[in-house]
Amino acid sequence: RYAVTGGSSGIGKCIAIECYKQGAFITLVARNEDKLLQAKKEIEKHSINDKQVVLCISVDVSQDYSQVENVIKQAQEKLGPVDMLVNCAGMALSGKFEDLEVSTFERLMSVNYLGSVYPSRAVITTMKERRVGRIVFVSSQAGQLGLFGFTAYSSSKFAIRGLAEALQMEVKPYNVYVTVAYPPDTDTPGFAEENKTKPLETRLISETISVCKPEQVAKQIVKDAIVVTMGLFRTIALFYLGSFDSIVRRCMMQRAKSEVADKTA
Ligand SMILES: NC(=O)C1=CN([C@@H]2O[C@H](COP(=O)(O)OP(=O)(O)OC[C@H]3O[C@@H](n4cnc5c(N)ncnc54)[C@H](OP(=O)(O)O)[C@@H]3O)[C@@H](O)[C@H]2O)C=CC1
Ligand SMILES: CCCCCCCCCCCCCCCC(=O)[C@@H](N)CO
């Protein structure tokens, strides 16, 4: 059972299709109901058995945590616990730092960052209890490099990386896995929208690499969620992370011991 935020368009919709093709039950989360229904119809064409369902939830993932928590609870009651959550809802706005409205910084932070925190927070307890789960975050290449025109966007995508890495250290002992995707420019409705206001410099920088197809990006994201690949930096970091993970495990054992002691006391 998979839940995909931003599953009604672009990369999120392609991720949903990719997972549906593998027999998963899908919950789509986005705001616009027409787009959700449209996507549902499209995804259902790829079913591989007649038990599969696509459930649509209309909610703004960036506004009210209790609302997000409620709808996720309802979805889990209908379909059962979520095994994989893909946080793909997001948006991009660009412009020079001094030209961007202050409200744009707030908006991108709440949609891209808090919009990934809330759904994750809503599913994590059940995942830890079940000792099963995957959470996928969708950052961006602009979440690894700060680029001209992306002062608001890049920082919201860098934030996702910090969240994901910290969360991974917490949930690893519970067999819950976290992955982050850093996609390049991808041909989606959101990308077309973003291009309407892109500064020239940003456009020229973007054009140095080619635009990907959302189907291709989605395939890679689903694959990476299952098979983890590594870069050089990651390998060095892994040495440290290993020792940090053992601290986490030690604390867990210590806590379990003292809980037993409390009970017997
Ligand atoms: N396309 C690209 O070039 C790249 C995109 N990305 C990232 O990938 C993700 C998907 O991008 P893309 O497919 O292009 O985007 P689209 O604009 O095509 O789709 C965005 C999806 O997110 C939903 N969404 C947006 N805001 C909210 C919200 N506040 N609450 C709930 N749902 C919301 C939209 O539905 P609705 O509007 O109805 O709510 C829609 O389903 C984003 O996080 C983006 O930053 C990363 C790198 C490159
Ligand atoms: C290890 C990293 C390698 C980096 C290679 C250099 C890439 C420079 C070009 C970057 C293009 C900007 C992508 C942003 C996409 C995006 O998030 C928006 N389209 C959102 O919609």
Side-chain angles (χ1 to χ4, degrees), residues 1-5 19 24-25 27 29 57 59 61-89 109-110 112-139 143 156 158-181 221-222 224-231 233-265:
R1 301 171 211 86
Y2 292 6
V4 186
T5 76
C19 296
F25 287 47
T27 301
V29 183
I57 297 183
V59 73
V61 290
S62 70
Q63 291 303 311
D64 177 6
Y65 175 66
S66 59
Q67 208 182 345
V68 174
E69 193 183 29
N70 271 330
V71 293
I72 296 224
K73 205 175 270 170
Q74 283 165 26
Q76 304 211 73
E77 273 161 17
K78 274 193 198 138
L79 298 187
V82 172
D83 300 299
M84 178 159 100
L85 167 68
V86 182
N87 290 295
C88 197
M109 211 41 146
S110 67
N112 295 342
Y113 171 65
L114 294 178
S116 299
V117 172
Y118 295 167
S120 305
R121 181 72 164 59
V123 300
I124 199 70
T125 308
T126 311
M127 284 186 177
K128 283 174 74 175
E129 280 167 5
R130 295 175 64 224
R131 300 286 197 273
V132 175
R134 279 171 200 286
I135 297 187
V136 177
F137 293 98
V138 180
S139 177
S156 71
F158 269 66
I160 288 180
R161 176 171 175 188
L163 164 68
E165 292 186 0
L167 179 63
Q168 176 67 92
M169 196 179 286
E170 290 189 17
V171 300
K172 215 172 174 184
Y174 298 89
N175 199 37
V176 176
Y177 290 89
V178 176
T179 51
V180 194
I221 292 175
V222 174
D224 286 349
I226 296 159
V227 197
V228 184
T229 49
M230 266 183 282
F233 177 74
R234 194 72 198 147
T235 314
I236 299 166
L238 219 66
F239 174 76
Y240 289 94
L241 287 176
S243 70
F244 298 158
D245 286 338
S246 75
I247 295 177
V248 175
R249 278 195 307 272
R250 225 181 304 141
C251 291
M252 231 178 127
M253 268 149 57
Q254 209 64 48
R255 211 163 282 135
K257 254 190 222 158
S258 62
E259 260 164 40
V260 173
D262 284 350
K263 271 182 203 146
T264 51

Enquirer: Kindly write out the residues that satisfy side-chain contact (heavy atoms from CB on, under 4.5 Å) with Tyr118, not counting sequence neighbours, or none if the list is empty.
Expert: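 Tyr65, Val68, Leu114.
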Enquirer: State the OG1-CG distance between Thr27 and Leu79, to the nearest 0.5 angstrom.
Expert: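 If I round to the nearest 0.5 Å, the distance is 4.5 Å.
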Enquirer: To check you understand the geometry: which heavy-atom pair defines the closest contact between Val180 and Ala164, and what is its length?
Expert: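 Closest pair (atom of Val180, atom of Ala164, distance): CG2-CB, 3.3 Å.
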Enquirer: Which residues pass the salt bridge (charged side-chain N to carboxylate O under 4.0 Å, His left out) test with Lys78, not counting sequence neighbours?
Expert: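 None.
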Enquirer: A side-chain contact here means heavy atoms from C-beta on lying under 4.5 Å apart; do Val136 and Met84 qualify?
Expert: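 Side chain of Val136 against side chain of Met84, heavy atoms only: contact under 4.5 Å found.
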Enquirer: State which residues pass side-chain hydrogen bond (donor to acceptor under 3.5 Å, both in side chains) with Thr5; sequence neighbours excluded, sorted by chain then number.
Expert: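 Applying side-chain hydrogen bond (donor to acceptor under 3.5 Å, both in side chains) to Thr5 gives none.
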Enquirer: Of the non-hydrogen atoms in Ser110 and Ser62, which two are nearest, and what is the gap between them?
Expert: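 Closest heavy-atom pair between Ser110 and Ser62: O-CB, 3.2 Å.
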Enquirer: Of all heavy-atom pairs between Val138 and Ile160, which one has the smallest distance, and what is that distance?
Expert: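 What the structure gives for the nearest pair is O-CD1, 3.7 Å.
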Enquirer: Can you run down the side-chain hydrogen bond (donor to acceptor under 3.5 Å, both in side chains) pairs that involve residues 249-261, sequence neighbours left out, and say none if there aren't any?
Expert: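 For residues 249-261, and leaving out neighbouring residues, there are no side-chain hydrogen bond (donor to acceptor under 3.5 Å, both in side chains) pairs at all.
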Enquirer: For Phe158, check side-chain contact (heavy atoms from CB on, under 4.5 Å) against everything at least two apart and list the hits.
Expert: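 Counting only residues at least two positions away or on another chain, Phe158 forms a side-chain contact (heavy atoms from CB on, under 4.5 Å) with Ser154.
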Enquirer: Among all residues two or more places apart in sequence or in another chain, which pass the side-chain contact (heavy atoms from CB on, under 4.5 Å) test with Lys172?
Expert: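 Listed in chain order: Gln168, Tyr177, Asp245.
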Enquirer: Run the side-chain hydrogen bond (donor to acceptor under 3.5 Å, both in side chains) test against Thr264 and tell me which residues pass, sequence neighbours left out.
Expert: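 Here no residue qualifies.
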Enquirer: Which donor-acceptor pairs under 3.5 Å do side chains of residues 120-129 form with protein atoms, sequence neighbours excluded?
Expert:
from: Ser120; atom 1: OG; to: Asn87; atom 2: ND2; distance (Å): 3.0
from: Ser120; atom 1: OG; to: Ser116; atom 2: O; distance (Å): 2.6

Enquirer: Who are the side-chain contact (heavy atoms from CB on, under 4.5 Å) partners of Asn70, not counting sequence neighbours?
Expert: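 Counting only residues at least two positions away or on another chain, Asn70 forms no side-chain contact (heavy atoms from CB on, under 4.5 Å).
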Enquirer: By ring pair (Phe, Tyr, Trp, His ring centres under 6.0 Å), which residues pair with Tyr174, not counting sequence neighbours?
Expert: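 Ring pair (Phe, Tyr, Trp, His ring centres under 6.0 Å) check on Tyr174 returns nothing, list empty.
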Enquirer: Quick one: list whatever passes side-chain hydrogen bond (donor to acceptor under 3.5 Å, both in side chains) with Asp64, sequence neighbours left out.
Expert: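 side-chain hydrogen bond (donor to acceptor under 3.5 Å, both in side chains) check on Asp64 returns Ser66.
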Enquirer: Test side-chain contact (heavy atoms from CB on, under 4.5 Å) on Cys251 and Ile247 and set out the steps.
Expert: CA-CA 6 Å; Cys251 291; Ile247 295 177; 4.3 Å; yes
Enquirer: Given the rule in the side-chain contact (heavy atoms from CB on, under 4.5 Å) test, do Val248 and Met169 qualify, once you have shown the distances and angles that lead to the verdict?
Expert: CA-CA 8 Å; Val248 175; Met169 196 179 286; 3.9 Å; yes
Enquirer: Any idea which heavy atoms bring Val71 and Val59 closest together, and the distance?
Expert: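 It is CG2-CG1, 4.0 Å.
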Enquirer: So, Arg1 side chain and Pro81 main chain: donor-acceptor pair closer than 3.5 Å or not?
Expert: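 Yes; at least one donor-acceptor contact below 3.5 Å.
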Enquirer: Run the numbers on Tyr2 and Val86 for side-chain contact (heavy atoms from CB on, under 4.5 Å), then give the verdict.
Expert: CA-CA 8 Å; Tyr2 292 6; Val86 182; 5.9 Å; no
Enquirer: Sequence neighbours excluded, which residues qualify as side-chain hydrogen bond (donor to acceptor under 3.5 Å, both in side chains) partners of Ser139?
Expert: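 Expected list: none.
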